[in-house]
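What follows is one structure encoded as structure tokens, with my remarks underneath.
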Amino acid sequence: MQLTEAPVEERTYSFWEQVNRMFDRAAAHTKHPKGLLDQIKACNSVYRMEFPVKRDDGSIEVVRAYRAEHSHHKLPTKGGIRYAPNVTEDEVMALAALMTYKCAIVDVPFGGAKGGVKIDRRQYSEAELERITRRYTYELLKKNFIGPGVDVPAPDYGTGPREMAWILDTYNSFSSNPLEALACVTGKPVGQGGVRGRKEATGRGVFFGVREACSVEEDMKALGLQPGLGGKTVVVQGLGNVGYHAAKFLQEGGAVLVGLAEIEGAIYNPDGLDLEAVMEHRRRTGSILNFPGAKNLERSQDALELPCDILVPAALENQITVENAPHIQARIIAEAANGPVTIEAEEILLKKGVLIIPDVYLNAGGVTVSYFEWLRNLYHVRFGRLSKRFEERTFSRILEVIEDLTGKKVPVELIQEVAHGADEEDLVNSGLEETMINAYQEILTIRREHGVDLRTAAFIDAINKVAQSYLELGIFP
């Protein structure tokens with residue numbers, strides 16, 4: 001009798017359970033006491049609220065919202081606010097935990113937090129969204145869940161600079177310390193204390209992380225790839241802020257975009273897709289489908305199984321499961337979204353030799369630049385303002401000396417390129433690049449030391465740093 005292999009069944013874990021399973025797997029490689037590990041893993045505070053909002057037609061609607069502060073080992077806590085109809089307490093707790101570990105990995109001195117408002121923003125007018133945002137902020141204020149040294153929100157799915165400006169204005173109306181009020185929230189418009197480069201930060205961080213991973217010769221050799229990003233084929237699922245900018249910078253870095261997916265479906269062209277042309281086509285027609293020269297895929301998830309070197313899931317969690325993991329053809333999965341690969345799917349992919357660059361590291365660009373914005377707000381001065389002109393004059397003088405010594409004139413184009421003082425965006429991008437490179441090298445060292453995958457190495461790194469903070473602070477009382 002011939003035995004057939006039973007299909008793998010995937011147990012359904014909540015998002016919070018998935019994060020804690022990853023934590024436990026990594027914690028087994030550390031020597032910290034169980035009690036300390038339990039404290040690191042626990043979500044310290046969760047605030048669930050329900051408040052009334054008056055709709056434009058005069059009716060009253062009760063809105064449910066959350067704010068979770070996972071860890072207070074460093075203050076303030078930090079994390080975005082999402083507006084989505086499927087927001088749950090479990091989800092905000094899981095995302096707050098990931099923020100704790102993410103901040104630790106990239107050495108940003110914050111604890112993790114996350115917020116959510118359970119609404120479909122498409123069903124509300126701008127005036128209604130403003131009322132919801134302001135009331136949510138007021139509820140956070142009442143329970144001391146917001147403040148420059150307490151808890152600092154930022155944009156997330158369904159929110160952006162406009163909502164952050166409303167939060168700032170509401171906070172300012174009740175603050176007794178207006179001097180520091182700007183630092184109560186990040187991701188603001190530049191004119192309201194935001195920092196240049198914040199909008200692109202998460203996608204740019206994905207690019208820096210993927211580029212760094214592709215520079216490791218031993219890993220590329222194991223995958224049958226050449227080191228470097230140039231020429232590698234990429235599929236991106238999700239063209240929101242993160243996915244679009246990740247695709248843009250990867251393409252500019254020499255990668256070839258062969259597949260793009262959005263909610264309406266996906267397109268594929270093995271010879272490459274022009275991202276900006278696709279986005280213009282979508283603006284004009286309302287869809288990426290039927291883009292000239294590309295093949296349509298009716299289901300967005302079908303793009304995950306396209307042949308490519310690098311797959312970038314930049315949409316929602318639980319996109320790669322035991323059902324489609326065996327069919328994934330990518331050799332590198334770059335998790336731009338939070339939790340796009342389930343635990344069981346990851347086991348299948350790792351056995352296939354796929355390199356997974358974990359979300360807990362890869363999408364940390366947003367919080368890194370939010371940290372820069374928070375510092376800018378506390379300093380009350382724009383980065384580069386004090387040094388830009390001085391640097392330009394210094395570089396110009398160096399070129400003049402070269403001209404005097406050589407007797408040759410330096411080309412004007414070279415002068416314009418070299419004699420350039422760093423402005424705010426230059427400094428922000430430079431700081432982000434430095435952060436992502438250093439963090440990846442730390443994770444790589446831990447992976448080699450323990451013989452584990454990148455995600456486990458990243459969690460080991462985070463656990464060790466948070467544990468060290470608790471050990472130094474002691475336990476009160």
Side-chain angles (χ1 to χ4, degrees), residues 82-86 119-129 155-163 187 189 198-204 206-207 210 232-320 324 327-330 333-338 340 363 366:
R82 56 176 51 189
Y83 287 1
N86 57 351
I119 60 169
D120 181 350
R121 63 170 298 124
R122 295 172 297 182
Q123 305 301 317
Y124 297 83
S125 69
E126 181 176 336
E128 289 169 338
L129 288 171
D156 198 88
Y157 181 82
T159 60
R162 180 182 65 177
E163 286 76 18
R198 173 62 181 87
K199 182 179 179 181
E200 305 89 350
T202 308
R204 194 186 294 274
V206 170
F207 161 69
V210 172
K232 287 185 171 56
T233 54
V234 177
V235 171
V236 178
Q237 182 206 33
L239 290 172
N241 181 50
V242 177
Y244 165 73
H245 284 105
K248 177 179 184 292
F249 296 127
L250 286 167
Q251 188 174 61
E252 290 175 358
V256 180
L257 293 176
V258 296
L260 296 170
E262 249 300 335
I263 192 168
E264 64 269 15
I267 55 174
Y268 173 65
N269 185 340
D271 296 324
L273 296 162
D274 184 320
L275 177 65
E276 297 307 327
V278 171
M279 298 303 290
E280 177 56 33
H281 173 78
R282 192 179 194 223
R283 279 189 287 269
R284 193 172 62 251
T285 67
S287 171
I288 63 172
L289 298 176
N290 301 314
F291 181 72
K295 176 185 176 182
N296 286 342
L297 302 173
E298 290 186 7
R299 293 195 326 140
S300 176
Q301 281 204 321
D302 290 342
L304 299 171
E305 300 176 18
L306 288 170
C308 63
D309 297 320
I310 304 169
L311 173 62
V312 184
L316 299 171
E317 55 261 22
N318 299 330
Q319 296 299 296
I320 300 176
N324 58 7
H327 309 297
I328 299 293
Q329 299 185 63
I333 295 179
E335 293 185 327
N338 284 309
N363 64 26

Can you see which heavy atom on [X] is nearest to which on [Y], and at what distance?
X    : Y    : result
G203 : H245 : CA-CB, 4.0 Å
A336 : A314 : CB-CB, 3.7 Å
A255 : V234 : CB-CG2, 3.7 Å
V258 : G272 : CG1-N, 4.4 Å
A334 : P313 : O-CD, 3.2 Å
A247 : V236 : CB-CG2, 3.9 Å

Exercise. Any side-chain donor paired with an acceptor under 3.5 Å for Y244 and E276?
Worked result: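 Side chains of Y244 and E276: pair found under 3.5 Å.
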Exercise. Is the number of heavy atoms from other residues, nucleotides or ligands under 6.0 Å of R122 CZ greater than 12?
Worked result: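 No.
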Exercise. Would the number of heavy atoms belonging to other residues, nucleotides or ligands and lying under 6.0 Å from OH of Y124 be above 12?
Worked result: yes
For this session: Dump the intermediate steps for side-chain contact (heavy atoms from CB on, under 4.5 Å) on F207 and E252, then the final yes or no.
Result: CA-CA 10 Å; F207 161 69; E252 290 175 358; over 6 Å; no
Reported [atom1]-to-[atom2] distance for the pair [X] and [Y], which is rounded to 0.5 angstrom:
X    : Y    : atom1 : atom2 : answer
R162 : E126 : CZ    : CD    : 4.5 Å
N318 : N338 : CG    : CG    : 11.0 Å
K232 : L257 : NZ    : CG    : 14.5 Å
K199 : N241 : NZ    : CG    : 6.5 Å
E317 : N86  : CD    : CG    : 7.0 Å
D274 : N269 : CG    : CG    : 11.0 Å

Please check if the side chain of [X] supplies one atom and the backbone of [Y] the other of a donor-acceptor pair under 3.5 Å.
X    : Y    : value
R121 : Y83  : no
H281 : A277 : no
T233 : V256 : no
E262 : L289 : no
Q329 : E305 : yes
E264 : I288 : yes
N324 : Q319 : yes

Exercise. Given L260, which of V312, V235, L275 fulfils the side chain to side chain contact (heavy atoms under 4.5 Å, CB included) condition?
Worked result: L275
For residues 291-298, dump all side-chain donor-acceptor pairs below 3.5 Å to protein atoms at least two apart in sequence or in another chain.
from : atom 1 : to   : atom 2 : distance (Å)
N296 : OD1    : N290 : N      : 2.8
N296 : ND2    : N290 : OD1    : 2.8

Exercise. Taking side chain as C-beta onward, heavy atoms only, is R198 less than 4.5 Å from P155?
Worked result: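 Yes. Closest side-chain heavy atoms under 4.5 Å.
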For this session: Evaluate side-chain contact (heavy atoms from CB on, under 4.5 Å) for I333 paired with I320, printing each intermediate quantity in order.
Result: CA-CA 10 Å; I333 295 179; I320 300 176; 3.9 Å; yes
